[in-house]
Amino acid sequence: MERHEAWAASSANMREAIEQAVRSLGGQVREVAPDSLVAEFGSKIGFRLLGGYIGNGRRRFPMRLTLLIQPRTGDASRLTATVVSNEGWYLVRLPATSRLFRDRSDEILRGLRAATEP
């Protein structure tokens, strides 16, 4: 499963805002480059053992976020986010897994937008 989204963002303290938003959403920044950032959310093992319905299961759903930063003129940049499920291989995928992915990716993208929009 994969999802893409792009939006205009304020360049002022943008990278710090992105990293803070990732941490507040339960993610960990794994790679940082001048024009990109990669973060991971959730846990493969936690998701396999506890699933998505026990406790706060949605936050356990394993995902990988790649954020491309394209500078624009003035005080704005364009952010392009790609969120990919990272739960690994399963013999059978339940329909609820797609719903968990959609709900959690919505939460992550909303949080990033709120932290970076002008």
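- With rounding to the nearest 0.5 Å, the separation of CZ in Arg3 from CZ in Arg104 is 12.5 Å.
- The distance from the OG1 atom of Thr97 to the CZ atom of Phe61 is 6.0 Å, given to the nearest 0.5 Å.
- Looking at every heavy atom in both residues, Ala17 comes nearest to Ala115 through CB-O, 3.6 Å.
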* To do: With side-chain contact (heavy atoms from CB on, under 4.5 Å) as the test, would you mind laying out the steps for Leu79 and Leu112 before giving the verdict?
  => CA-CA 10 Å; Leu79 297 181; Leu112 287 170; over 6 Å; no

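- Listed by first and then second residue, the salt bridge (charged side-chain N to carboxylate O under 4.0 Å, His left out) pairs that reach into residues 10-28 come to none, sequence neighbours excluded.
- Residues satisfying the salt bridge (Lys or Arg N to Asp or Glu O under 4.0 Å) criterion with Glu2, sequence neighbours excluded, are absent altogether.
- A search for side-chain contact (heavy atoms from CB on, under 4.5 Å) contacts involving Ala81 returns Trp7, Leu65, Leu67, Leu109, not counting sequence neighbours.
- Follow the hydrophobic side-chain contacts under 4.5 Å out from Val29 and you reach Leu25 in the same cluster.
- Residues Leu68 and Ile18 do not share a hydrophobic cluster, clusters being chains of Ile/Leu/Val/Met/Phe/Trp/Tyr side chains in contact below 4.5 Å.
- For Asp103, there are no salt bridge (Lys or Arg N to Asp or Glu O under 4.0 Å) partners two or more places apart in sequence or in a different chain.
- Shown are Met1, Met63, Lys44; of these, the side chain to side chain contact (heavy atoms under 4.5 Å, CB included) with Glu87 is made only by Met1.
- Look at Arg110 and Glu107 and you find no salt bridge, because none of the NZ, NE, NH1 or NH2 atoms lies under 4.0 Å from a carboxylate O.
- Rounding to the nearest 0.5 Å gives a distance of 4.5 Å between CZ of Arg30 and CD of Glu40.
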* To do: Check the pair Ile108, Val22 against side-chain contact (heavy atoms from CB on, under 4.5 Å), reporting the backbone distance first and the verdict last.
  => CA-CA 8 Å; Ile108 291 168; Val22 165; over 6 Å; no

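- For Glu117, the salt bridge (Lys or Arg N to Asp or Glu O under 4.0 Å) partners at least two apart in sequence or on another chain are Arg113.
- For the side chain to side chain donor-acceptor pair (under 3.5 Å) test, no residue two or more places apart in sequence or in another chain qualifies with Arg102.
- Taken to the nearest 0.5 Å, the OG atom of Ser36 stands 7.5 Å off from the CD atom of Glu31.
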